[in-house]
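Both backbone and side-chain heavy atoms feed into the values below; hydrogens, waters and symmetry mates do not.
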Amino acid sequence: MADGRDEDADTGDGTERCDDTETSDGTEASDSTETCDETEASDSTETCDETEASDEPESRGVALSPETWRDAVPPRTPAIASDSVPVDEPFDHEGWYLNRELSEVAFQWRVLHEAIDDRQPPLERLRFLSILTRNLDEFFMKRIGGLKQQIDAGITESTVDGATPREQWADALEMAGDLFETQSRCYHEAVKPALREAGVAILSYDELERAEVDHLRDRFESTVLPTLTPLTFDPAHPFPFLSNLSLSLAIRTRKPDGTERFSRIKVPENLPRLVPTTPDSSSDAETRVVPVERVIAANLDLVFPDVDIVDHSTFRVTRNAEVRRNEDVAEGLIERIEDVLRQRRFATLVRLEVDEDTSEAVRDLLVEHLDVDEREVFERRGPLALSDFGTLHDLDAPELKFPAWTPRKHPRFAGLDPKRPEEIFETIRERDALVHHPYHSFTDTVQTFLDAAARDPNTLAIKAAIYRTAPDSHVLQSLIDAAKNGKQVAVMVELKARFDEENNLRWVKRLEEEGIHVAYGTVDLKTHSKVALAVREEGDDVRIYSHVSTGNYHSGTAKGYVDLGLFTADRDIGQDLVRLFNSFTGHSRNRSYRKLLVAPETLRERLYELIDREREHAMAGRDGRIVAKMNALEDPGIVERLYEAAEAGVEIDLIVRGICRLRPGVDGVTDTVSVHSVVGRFLEHSRILRFDNAGDPAYFIGSADWMTRNLDRRVEAVTPVEDPNLRATLDDVLSTMLADNRRRWTMRSDGSYVQERPGRDEETRDTHEQLMERARENTPDDRTTPDPEPRREPSVDLDGVFTSETDSN
């Protein structure tokens, strides 16, 4: 999926907030966020039609833009750099690097295409418009907010690609403007008509029948009006405060004496955004809804009696989420995080969205009093804030969306019960197990492991590192149960997990009330490892059972994020995890580990060694090959090492969901490098590394992307995968993605991407569909245990997409 909230998308260096945001990525993902089979085409013909060939060669595609989005087949995202690469310059030259902000916007074009693509059912298309809105909200809050802070601080130093903060800010705003325009046109000209044709009508007031108008007025007066608080700006009242991402109505009124006033009404966030036009919305007739702001606007006479309504329009503000604290202040981390949450409410504005029908007088007033640059003002055809429209996906209309996916039982864990813990630990003792979410059930694997450890009389201790978790987390409840059962329990809860600080604070307080040892992380490092262990007494010995994952201990996102987890009883990995957890709760850090690659201590240098080893093989005439899957490739040191390996002839396939600084396909240098991105039903969040080593390959999975923040400013854990069967599983995943001709995009040296399309007689190969089918085939029986629904829909993890270079995250 393409949602924008990545578990890791922070501001320092992510769409994972992937945490961070979304899907794909991206990005924020329910079970039904899938892709569409070629045969399930919508009847709508507004968008890409295979017969509408462009003047360009088909292999190049047509660049998506406000002008070409209808007929872009195959689609191509806009270029973000010149085709010209300074091949005679050393690899640290700025011309060898793409800009990370523009690369992120290029990713959002790929997300938008999921809505443009009329091969998908209409509710799925609407869902991706909703995802895109969330992704871009976070991009502005984090990335644009971070750039604006640098500009205000007078920073003029350029990034590795040669762009100053001001240049990046201006270029990103310009590119985002085209993206917003195309999104609005896609909604009005394609998705909305397709939904209407399918029996789901999102209406304006002039389309309503008389009875519907009367019903909505009654409902407004009884339900909506009591919740509204009109705030008028005049000499006696200051300009109203506007909270982040709030949708507002701007109203100008005129008194009988001719005096005009400006008022603002905040659209209530605790009321449904889309209001049924009739009392009975459960009939088999057409679903008819109208945005709540239209209902408010149509009944303003009840809000402002005895005055004339001059005009009204909607607007929305976005504030910077990149607030900073003075690290020299002597206070606790909890107090510091609480203060950050308070500061965000009043942070600098980074974007103003206004309806295209907004009067010039109101627009000028907003710009003046909100102190925004004209380049930060985006005039858009309403409705604004399409993120709320994703709720229509919950309609009981299976023919308008993809069939729901229920994660399957893992063959190794089928039939195991946490009430019989010995069987679970014996299964892991026999040989390592690799679980693949959302194809495998989180409940039947990870949750079962933790429940078993909590119940097991022979388990002495349980430790877990929590970056993000569900508000009603079963994982943390299991740890609480373990403590009540007399186990030693230690939990590392990262308080600085972007936008989950408040949820994590609540859990910290609850865990401490239960007598659990809780570590909060440190000021200078963010703990991003996804690891857990159970220490078990077995006869005269003590054995450690470990879980090392690419994803969070979050039952909700495990149904929409693609992640891998290794269960092992390997003693070296267990001892490494013990040392890692001791560094969380103690005051010193280990500098060496037996098998794990741990950031910031060993991961970067070990990656350099692995890449350089492939280069040496190629220079010696042996085959050098690297296949690496991740969410983002940003670190200049890694990029330079890859350039050197490619120049020596190493074959490199990179599957990078989001941003990528590396320029593939440069003749004589990176013509052995291919960069791919898969955007579809699920958010690709797993990290897989394979270094062929002349026939003696090394495989790894873990929490770290190839970003400076992950390598130097976070605590990350990457584990080797040594079992031949599990290595074959990883090979199968990688080869499936590299053969995808439905969801895969291929990057060009100018930073543009072209979507792969099946030939006329070629079978469609969709990564997520193929892996779901394999999971079905390998299910031991048809009785799967549905994973519990989260209280909130997970956003897509734009892991590593949103952090600013100045952040210490």
Side-chain angles (χ1 to χ4, degrees), residues 2 4 6 8-16 18 20-27 63-64 76-83 85 94-113 132 135-136 138-140 142-144 146-147 158-163 165 167-176 178-179 630-636 638-639 642-643 654-666 670 673-679 684 705-710 745-755 798-805:
D6 184 344
D8 320 309
D10 315 313
T11 48
D13 60 50
T15 157
E16 203 189 47
C18 180
D20 206 144
T21 95
E22 42 172 351
T23 155
S24 248
D25 109 277
T27 334
L64 295 174
R76 180 184 179 189
T77 64
I80 62 173
S82 166
D83 273 324
V85 181
E94 65 189 39
W96 280 105
Y97 297 86
L98 297 172
N99 180 263
R100 62 159 295 153
E101 316 302 347
L102 300 186
S103 184
E104 162 58 12
V105 181
F107 169 68
Q108 303 305 342
W109 275 108
R110 302 198 293 278
V111 175
L112 175 57
H113 189 266
L132 177 65
N135 288 1
L136 289 170
E138 295 202 11
F139 177 74
F140 272 82
K142 300 171 184 178
R143 301 304 308 167
I144 298 299
L147 290 172
S158 61
T159 53
V160 66
D161 53 279
E167 289 169 339
Q168 296 178 75
W169 172 79
D171 290 344
L173 291 181
E174 181 180 1
M175 193 172 178
D178 283 345
L179 190 61
M630 65 200 72
N631 300 308
L633 171 54
E634 173 271 343
D635 181 71
I638 294 288
V639 172
L642 291 172
Y643 280 148
L654 303 171
I655 305 171
V656 185
R657 186 193 70 220
I659 64 172
C660 180
R661 282 196 184 275
L662 181 144
R663 304 184 69 161
V666 178
T670 59
V673 180
S674 295
V675 177
H676 316 266
S677 175
V678 172
V679 180
E684 286 295 337
D705 288 313
W706 285 359
M707 304 185 72
T708 302
R709 66 172 195 181
N710 297 94
W745 298 72
T746 302
M747 184 181 175
R748 301 188 178 277
S749 61
D750 61 4
S752 65
Y753 287 76
V754 177
Q755 190 182 49
L798 293 182
D799 216 18
V801 170
F802 289 127
T803 48
S804 90
E805 317 267 352

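Heavy-atom minimum distance, L64 versus P78: O-CG, 3.6 Å.
Put simply, CZ on R110 and CZ on R657 are 9.5 Å apart, with the number rounded to the nearest 0.5 Å. Considering CG of L98 and OG of S752, their distance stands at 10.0 Å, rounded to 0.5 Å. Separating the OG atom in S103 from the OH atom in Y753 is a distance of 5.0 Å, to the nearest 0.5 Å. Note that the CE atom of M747 and the CG atom of L633 stand 8.5 Å from one another [nearest 0.5 Å].
Legend: residues meeting side chain to side chain contact (heavy atoms under 4.5 Å, CB included) with T670, ordered by chain and number and at least two apart, are Y643, A646, V666, V673.
With a 6.0 Å radius and a threshold of 12 heavy atoms from other residues, nucleotides or ligands, E94 has its CD atom above the threshold.
Judged by distance alone, with hydrogens and angles left aside, the side-chain atoms of E634 form a donor-acceptor pair with the main-chain N or O of T708 at under 3.5 Å.
For R663 and D161, the salt-bridge test fails: no basic side-chain N is under 4.0 Å from an acidic carboxylate O.
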Step by step, work out the side chain to side chain contact (heavy atoms under 4.5 Å, CB included) result for E104 and K142.
CA-CA 12 Å; E104 162 58 12; K142 300 171 184 178; over 6 Å; no
Set out, in order, the CA-CA distance, both residues' side-chain angles and the distance that settles side chain to side chain contact (heavy atoms under 4.5 Å, CB included) for V675 and W745, then state yes or no. CA-CA 8 Å; V675 177; W745 298 72; over 6 Å; no
TODO: Run the numbers on V656 and S677 for side chain to side chain contact (heavy atoms under 4.5 Å, CB included), then give the verdict.
DONE: CA-CA 5 Å; V656 185; S677 175; over 6 Å; no
Q: Start with the C-alpha gap between M707 and I659, add the side-chain angles, then the distance that decides, and say whether side chain to side chain contact (heavy atoms under 4.5 Å, CB included) holds.
A: CA-CA 10 Å; M707 304 185 72; I659 64 172; 3.9 Å; yes
